[in-house]
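Structure record follows, encoded as structure tokens.
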Amino acid sequence: MKTIVAQIRLKTADFKFNLENIIKNINSDCDLIVFPQVDIEDLGGKDMVFDDNCMSAQTKLYQEIAAKNYKQNIILGDILIRNGEVEVADYGVFDICGKKVFVSDTFIEDVDCDLYILAKNRYYAMNTYKDFVDEIHTHSDFIYVNALGIADENVYAGGSFAKNANNELVMQMPLCKEDIDTVDFARVIEFNDENIQSQVYDVTTFALREYCENTGFKKVVLGLSGGIDSALTAALAVEAVGKENVLGVLMPSMFSSEGSVVDSLKLAENLGIKTVKEPITPLFDAFMKDRERLHDLAEENLQARLRALILMFYSNREGRLLLSTGNKSESAMGFGTLYGDLAGGFNMICDLTKTNVYKLSNFINRNGEIIPQEIIDKAPSAELHPGQKDQDRLPEYAILDDVIEMYVEQNMPIDEICKKYDKSIVDEVVRKIYRMQFKRHQGCLGVRLTERSFCNGVNLPVVQRFY
């Protein structure tokens with residue numbers, strides 16, 4: 001039985017696009033072609049499953065494919081289309097070309113079949129893909145098929161693969177790229193363990209590209225502070241939507257160093273993006289003219305919110321998507337201003353700790369300087385008062401990020417973390433993670449890159465009295 005796997009792009013409830021992309025990729029020279037799950041729920045439709053019109057459109061998609069009366073057997077998730085009919089698996093089993101084909105959205109090890117098809121759109125998470133492949137121990141020929149697309153914060157990044165009855169890998173499709181291949185269960189291959197930073201680069205840029213295409217945005221805007229987070233976001237945005245569609249806004253204040261402007265302009269030159277300069281000092285001075293200067297948090301936050309006003313002006317005036325640039329470390333600690341630097345429509349790096357921000361930035365520079373080395377080397381600072389440095393208010397990022405990963409991503413007990421780090425530091429980090437949930441609750445949509453991200457997987461109450 002000649003079998004083809006089609007790893008294709010699919011869009012949530014875009015039935016016209018999905019139908020056209022399925023039909024375009026139906027190969028006539030096979031007995032069976034396997035597509036990813038196409039139903040609304042598996043493409044992130046959430047409560048759209050309760051919309052009768054939406055569900056009718058989904059049924060119509062299957063019927064329109066069936067009406068073409070293809071000679072192949074076509075599997076779309078757990079739906080089989082053949083001989084002009086739409087069939088649902090009888091207890092997960094189809095009889096195809098005399099073969100017992102079992103279709104499921106979960107892997108069950110002891111199933112008696114000739115071919116096991118695991119059809120589940122699986123979101124990307126760092127450091128989990130190889131483990132997922134290795135965890136499949138199959139005694140029959142096996143195919144896993146995953147879609148390409150986004151479901152809000154979740155990114156379906158492909159990576160479909162196949163194994164033979166000896167549990168040997170025989171096919172591996174790339175991440176974030178459409179691919180169609182014939183499965184040869186006798187052709188054993190080695191697993192291609194792609195560099196994690198390369199994966200994250202591909203996933204984040206793919207996510208922004210998909211978000212813009214699905215929402216209608218053609219251009220983006222972001223603030224360039226001279227810091228590493230905005231520099232990384234700008235570099236990723238250029239890869240995603242093209243340098244001609246990225247605008248960087250420089251908004252220096254009375255506390256901004258000369259290097260912040262110079263470094264931002266050098267970054268923009270390296271990336272080939274357009275910039276505008278909008279100093280916020282006149283706006284700040286005008287507002288504070290008849291008010292007492294206390295040099296307090298309110299004045300710091302005013303600066304951040306003035307910058308957000310300017311960025312939202314360019315977003316509205318030019319129809320640009322505003323990219324927020326906060327990272328996971330800052331989000332965990334509440335190190336950001338509501339309606340200020342947290343403002344935005346999409347965040348590509350929100351699930352990267354500061355440590356991982358530096359790792360990805362260095363990966364981008366692997367073949368030559370794109371992000372200026374001065375930006376990578378300088379001490380992180382919000383520059384909201386003279387001489388400010390992030391580490392004045394936060395633990396060292398190496399420690400902070402390790403605690404965040406252990407507590408949030410690995411769900412490790414606090415007592416275990418305290419065996420590695422001072423209890424006062426761990427307690428303070430955990431306390432802030434809980435106390436700052438109200439800010440994250442109002443943050444913009446971003447790219448999920450871990451199993452337990454603040455985007456999805458971590459569900460903390462805003463109102464609680466334990467921490």
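Computed from a predicted structure; not experimentally measured. Just so it is clear, the values below take in all heavy atoms, side chains as well, and ignore hydrogens, waters and symmetry mates. Sequence positions, counted from 1, serve as the residue numbers for this chain.
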Q. Under the side-chain contact (heavy atoms from CB on, under 4.5 Å) criterion, do Asn362 and Lys359 qualify, and how do the steps go?
A. CA-CA 5 Å; Asn362 284 313; Lys359 287 180 180 178; 5.9 Å; no

Can we say [X] and [Y] salt-bridge, meaning some charged N sits less than 4.0 Å from an Asp/Glu carboxylate O?
X	Y	answer
Glu210	Arg9	yes
Asp152	Lys46	yes
Arg82	Glu87	yes
Asp351	Lys328	yes
Glu20	Lys16	yes
Lys130	Asp134	yes
Lys120	Asp42	yes
Glu369	Lys266	yes
Glu178	Lys24	no
Lys2	Asp181	no

Is the number of heavy atoms from other residues, nucleotides or ligands within 6.0 Å of [atom1] ([X]) greater than 12?
X	atom1	answer
Gln410	CD	yes
Glu190	CD	no
Asp377	CG	yes
Lys99	NZ	no
His441	NE2	no
Glu416	CD	yes
Asp52	CG	no

Tell me the closest heavy-atom pair linking [X] and [Y], and the distance in Å.
X	Y	result
Asn164	Val188	ND2-CG2, 4.0 Å
Val220	Cys212	CG1-SG, 4.3 Å
Ile196	Tyr124	O-OH, 4.4 Å
Leu224	Ser264	O-OG, 3.5 Å
Glu451	Ala125	N-CB, 3.8 Å
Ala234	Leu222	N-CD1, 3.8 Å

With side chains defined as the heavy atoms from C-beta onward, is the minimum distance between [X] and [Y] less than 4.5 Å?
X	Y	result
Cys176	Val203	yes
Tyr407	Ile404	no
Leu32	Leu115	yes
Val170	Ile189	no

Q) Given the rule in the side-chain contact (heavy atoms from CB on, under 4.5 Å) test, do Leu80 and Ile74 qualify, once you have shown the distances and angles that lead to the verdict? A) CA-CA 6 Å; Leu80 172 63; Ile74 302 167; 5.8 Å; no

Do the side chain of [X] and the main chain of [Y] share a donor and acceptor less than 3.5 angstrom apart?
X	Y	value
Asn73	Asp31	yes
Ser453	Asn456	yes
Asn21	Phe17	no
Gln58	Ile40	yes
Asp114	Lys100	yes
Asn83	Glu85	no
Asn167	Thr138	yes
Arg320	Val221	no

Say you draw a straight line from [atom1] of [X] to [atom2] of [Y]; how long is it, rounded to the nearest 0.5 Å?
X	Y	atom1	atom2	answer
Gln72	Ile81	CD	CD1	11.5 Å
Asn327	Ile228	CG	CD1	10.5 Å
Glu213	Asp14	CD	CG	9.0 Å

Pair [X], [Y]: side-chain N/O donor-acceptor within cut-off below 3.5 Å:
X	Y	result
Asn146	Ser160	no
Asp402	Tyr421	yes
Tyr339	Gln442	yes
Glu239	Thr205	no
Gln37	Asn121	no

Q: State yes or no: are the ring centers of Phe346 and Phe217 separated by less than 6.0 Å?
A: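 Between Phe217 and Phe346, which both carry aromatic rings, the centre distance is not below 6.0 Å.
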
Q. Is the centre of the Phe191 ring less than 6.0 Å from the centre of the Tyr129 ring?
A.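 Close enough - the centres of the two rings lie under 6.0 Å apart.
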
Q | The single option from Leu360, Ile349, Leu236 passing side chain to side chain contact (heavy atoms under 4.5 Å, CB included) against Val200 | A | Leu360

Q) With respect to Tyr211, which candidate in Leu445, Val155, Val241, Val447 satisfies the side chain to side chain contact (heavy atoms under 4.5 Å, CB included) definition? A)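 With Tyr211 as partner, side chain to side chain contact (heavy atoms under 4.5 Å, CB included) holds for just one option, Leu445.
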
Q) Does the salt bridge (charged side-chain N to carboxylate O under 4.0 Å, His left out) test come out yes or no for Lys354 and Asp229, once each step is laid out? A) CA-CA 8 Å; Lys354 195 78 167 186; Asp229 298 320; 2.9 Å; yes

Against the six-membered ring of [Y], is [X] placed for a cation-pi contact (under 6.0 Å from the centre, within 45° of the normal)?
X	Y	answer
Arg366	Phe363	yes
Arg448	Tyr123	yes
Lys163	Phe142	no

Q) When you look at Phe94 and Phe102, which way does the ring-ring contact (aromatic ring centres under 6.0 Å, His included) test go after all the steps? A) CA-CA 6 Å; Phe94 292 114; Phe102 184 79; 9.7 Å; no

Q: Under the side-chain contact (heavy atoms from CB on, under 4.5 Å) rule, what do Leu118 and Ile143 come out as? Steps first, then yes or no, please.
A: CA-CA 6 Å; Leu118 178 60; Ile143 291 171; over 6 Å; no

Q: Quick one: list whatever passes ring pair (Phe, Tyr, Trp, His ring centres under 6.0 Å) with Phe132, sequence neighbours left out.
A: Tyr144, Phe161

Q. Given Ile433 and Leu460, is the side-chain contact (heavy atoms from CB on, under 4.5 Å) satisfied, shown in steps?
A. CA-CA 9 Å; Ile433 286 172; Leu460 304 179; 3.7 Å; yes

